[in-house]
Enquirer: 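Could you have a look at this structure, given as structure tokens, before my questions?
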Amino acid sequence: MNETSQYIFWVSHDVALGYLIAWYLWLISLAEGTHIVAHMSWLYYRTEDYRPLEKVGSFQPFIILALVPLFLVADLGHPERFYTMFYHWHWTSPVAYGVYVITLCMITYAMHAFYLFRPELMHLAGQPGALQFIYRLLTFGKKEKGSIAEIRRRQESRERFWAGASLFFSFLGLIYLGILLSSFKGRVMWHSSVMVFIFFAFGACSGSAFLILLTHLKNSLVHTGSKALTEQRRYLTEFGILLKYSVVGQAAVFFIYFVLLQYTGIGGRLASHVFFSGPRAFQFWTFQVVIGLALPFALMLYRKMRGNVLVSCIAAIATLIGTLFGCVNIFIGGQMLPMTHFNWETLSPEPVRMTFGIALMIIMFVVFLATYKILPYENIES
Amino acid sequence: MKKKSQALSRRDFFHKLGVQVASAGAGVLLAQTAQEAGAAGAVKKYAMVIDTNRCTGCQGCTIACKSENNVPDGFFRSWVKVGMKGTYPDVSTHFLPRLCNNCEDAPCLNLCPTGATYRTYEDGVVHVNRDVCVGCRICVVACPYGARFPNPITKTADKCDFCYHRITKGLQPACVDACTGRARIFGDLNDPESEVSRYMQNHSTQRLRADLDTRPKVHYVYADENLMGPDYHRLLGRSRS
């Protein structure tokens with residue numbers, strides 16, 4: 001079969017979709033994973049003390065989803081035609097559904113976050129202060145009688161409706177990411193039934209890590225009462241367990257993925273070779289396995305370590321790095337397999353696009369920090 | 001009392017939900033069947049047969065295509081892949097002219113989010129509508145044949161459309177006209193008297209990546225198996241050494 005000794009003329013195609021789209025996929029899985037982890041945990045705890053964490057888990061993903069389309073827009077050949085995707089709809093394309101799913105995710109996160117913050121905003125709108133006009137604006141100038149606890153009770157059904165809706169769209173979003181990649185039937189690395197589970201694993205890992213990191217960050221920037229702080233640290237310690245098992249889950253999903261690739265012919269074996277000793281091997285072993293899987297697992301192994309703020313933050317950052325490289329490895333690596341010739345496809349450097357992407361992520365982070373100073377994340381008991 | 005009459009029982013809710021889901025499913029199925037029937041029942045079915053035994057590797061088709069369609073430097077709508085096989089003195093050179101297969105079940109068309117990639121049902125040719133294409137490059141990644149490229153001038157996806165501006169005027173595609181060995185034969189497969197139909201009846205043909213079931217409309221005669229797909233053996237072997 002393999003008799004060809006020399007290729008005289010061929011055409012290379014390069015990696016067509018670069019880092020911006022890889023980051024786009026990662027940020028969506030991160031936002032949706034964070035919301036799922038935050039809200040599923042509420043279903044478990046169901047206490048008032050948990051509300052500050054739920055606020056982080058709703059509003060921060062909203063910020064990500066509000067800004068993440070810019071990654072997609074910047075990558076388009078015709079950015080001005082971005083909205084064509086909404087009205088020039090093509091029903092066989094997963095992306096056509098995806099733009100609606102992500103938009104609905106964003107809207108439901110905003111509504112859920114609005115109802116989470118509303119009782120405190122109502123209270124603050126009636127108090128003197130420099131930011132009072134913002135609180136009035138966010139509550140549409142309305143006033144409600146009664147204590148904060150009573151307002152919470154009155155709006156509980158609406159709050160839970162939007163929580164349920166946002167949870168539904170979060171799951172749908174992760175399913176969309178998996179289906180999106182697995183629908184490329186010519187790409188052996190992506191065309192796998194495990195792809196949905198890979199994004200669920202990414203979502204669970206990065207979601208719990210992001211929630212741990214951002215809540216610790218919030219507590220360091222915003223004054224939190226000692227009782228509330230102790231309670232939140234207890235929740236975060238338990239999130240450490242979730243992170244540990246999510247990491248184990250991610251490892252298991254990848255193990256199954258590689259086993260399946262071994263049975264997908266020579267294309268599948270070459271796809272796993274891309275990770276093990278091919279062009280993405282360094283990123284896979286160093287960032288995805290050692291930093292993204294082994295390190296957080298080791299750091300979250302014992303309760304004492306999970307309770308330590310610094311250790312849990314390091315584990316969270318390591319997990320985020322691991323899932324980021326996981327996403328990039330699959331997305332870029334999948335396009336490196338040649339379609340017509342005999343060499344790895346290469347990715348041309350994209351300095352402008354990468355700078356734009358990094359700048360946008362920094363802006364997201366700055367917005368996170370700014371909201372900590374402006375919005376009432378902590379419960380106010382009037 | 002009034003409230004009670006408006007309430008929906010759980011049984012009614014699931015019944016209505018079931019009916020709605022079933023209707024939506026049936027609608028999608030009907031639309032899909034209609035689309036497939038439309039593709040199958042096209043008046044014409046333009047296709048190409050390439051007899052690689054006749055190809056001399058002159059790249060005349062590549063040049064003709066570039067000049068006819070104003071293809072930018074570094075990109076190709078049509079090209080000839082050339083490889084050599086064996087060891088001296090038993091060496092043979094093999095050619096594989098390449099172009100868009102205008103597949104009957106085109107992955108690029110299915111994955112295009114805006115429908116900018118579409119098929120003309122009267123002849124089955126797959127096109128790119130440059131006014132609607134957003135330049136997302138999903139189709140470029142989706143094509144299993146590497147036949148598409150992002151055009152740096154128009155900022156949209158680009159590919160071979162069998163020189164649609166020529167074939168609709170009764171002319172042959174530029175590459176077919178330029179082929180010195182008459183290796184490329186183009187025509188309507190639905191017409192049993194066309195040259196392409198007769199050639200296919202008299203020769204056994206191959207298609208690229210038949211395993212993907214995209215039903216390409218470019219057929220090859222005597223094509224070398226090694227050139228027909230990506231050389232994964234070579235990539236795996238190279239890294240082993």
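Letters A, B, ... are given to chains in the order of the sequence lines, protein chains preceding strands, and every chain is numbered from 1. Please read all numbers here as calculations on a predicted model, not as lab measurements.
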Enquirer: State whether the number of non-hydrogen atoms from other residues, nucleotides or ligands found under 6.0 Å of A/Phe276 atom CZ is greater than 12.
Expert: yes
Enquirer: Side chain from CB out, backbone as N, CA, C, O: work out which of these in B/Pro150 comes under 4.5 Å of a heavy atom of chain A, or both, or neither.
Expert: neither
Enquirer: Between B/Ala147, B/Cys136, B/Pro107, who has the most heavy-atom pairs with chain A when the cutoff is under 4.5 Å?
Expert: B/Cys136
Enquirer: Who among B/Arg137, B/Lys81, B/Arg209 has the most heavy-atom pairs with chain A under 4.5 Å?
Expert: B/Arg137
Enquirer: Say you draw a straight line from CZ of B/Phe76 to NE2 of A/His13; how long is it, rounded to the nearest 0.5 Å?
Expert: 10.5 Å
Enquirer: Give the intermediate values and the outcome of side chain to side chain contact (heavy atoms under 4.5 Å, CB included) for residues A/Trp190 and B/Val141.
Expert: CA-CA 11 Å; A/Trp190 300 348; B/Val141 180; 3.6 Å; yes
Enquirer: Please give me the minimum heavy-atom distance between A/His88 and B/Thr114, naming the atom from each residue.
Expert: ND1-O, 2.8 Å
Enquirer: Can you tell whether the side chains of A/Lys185 and B/Asp211 come within less than 4.0 Å, N to carboxylate O?
Expert: no
Enquirer: Do B/Val82 and A/Tyr7 make a side-chain contact, defined as non-hydrogen atoms from C-beta onward lying under 4.5 Å apart?
Expert: no
Enquirer: Could you give the distance from CZ (A/Arg81) to NZ (B/Lys155), rounded to the nearest 0.5 Å?
Expert: 12.0 Å
Enquirer: Side chain, backbone, both or neither: which part of B/Val80 has a heavy atom under 4.5 Å from chain A?
Expert: backbone
Enquirer: Please report the interatomic distance CZ(A/Phe9) to OG1(B/Thr62), rounded to the nearest 0.5 Å.
Expert: 6.5 Å
Enquirer: Within a radius of less than 6.0 Å around OH of B/Tyr222, do more than 12 heavy atoms belonging to other residues, nucleotides or ligands occur?
Expert: no
Enquirer: Any heavy-atom pair between the side chains of A/His341 and B/Asp231 that's under 4.5 Å?
Expert: no
Enquirer: What part of B/Thr154 gets within 4.5 angstrom of chain A, counting heavy atoms only: side chain, backbone, both, or neither?
Expert: backbone
Enquirer: Quick check on the interface: out of A/Ile21, A/Asp14, A/Val15, A/Leu17, who has the most heavy-atom pairs with chain B under 4.5 Å?
Expert: A/Leu17
Enquirer: Please report the interatomic distance CZ(A/Arg187) to SG(B/Cys143), rounded to the nearest 0.5 Å.
Expert: 9.0 Å
Enquirer: Heavy-atom cut-off 4.5 Å, strictly under: side chain, backbone, both or neither for B/Leu96 against chain A?
Expert: neither
Enquirer: Evaluate the side chain to side chain contact (heavy atoms under 4.5 Å, CB included) criterion for residues B/Tyr232 and A/Leu337: first the C-alpha distance (whole Å), next the side-chain angles of each, then the deciding distance (0.1 Å), finally the verdict.
Expert: CA-CA 8 Å; B/Tyr232 288 166; A/Leu337 295 180; 4.2 Å; yes
Enquirer: Compare all side-chain heavy atoms of A/Phe184 with those of B/Leu111 and state whether any distance is below 4.5 angstrom.
Expert: yes
Enquirer: Using every non-hydrogen atom in the two residues, find where A/Thr92 and B/Asn110 come nearest and quote the distance to one decimal.
Expert: OG1-O, 2.8 Å
Enquirer: Taking all heavy atoms of B/Val134 and all of A/Leu76, pick out the closest pair and write down the distance.
Expert: O-CB, 3.5 Å
Enquirer: Spell out, as yes or no, whether a donor-acceptor pair under 3.5 Å connects the side chain of A/His78 to the backbone of B/Gly135.
Expert: no
Enquirer: Distance from B/Leu236 atom CG to A/Leu270 atom CG, nearest 0.5 Å?
Expert: 4.5 Å
Enquirer: About how many Å separate NE2 of A/His90 and OG1 of B/Thr117, when rounded to the nearest 0.5 Å?
Expert: 8.5 Å
Enquirer: With chain A as the partner, which of B/Ala157, B/Pro144, B/Pro230 has the greatest number of non-hydrogen pairs under 4.5 Å?
Expert: B/Pro230
Enquirer: State, with a plain yes or no, whether a side-chain heavy atom of B/Pro113 is found less than 4.5 Å away from one of A/Ser93.
Expert: yes
Enquirer: With respect to chain A, which residue among B/Asp213, B/Thr214, B/Asn151, B/Asp131 yields the maximal number of heavy-atom pairs within a distance under 4.5 Å?
Expert: B/Asp131
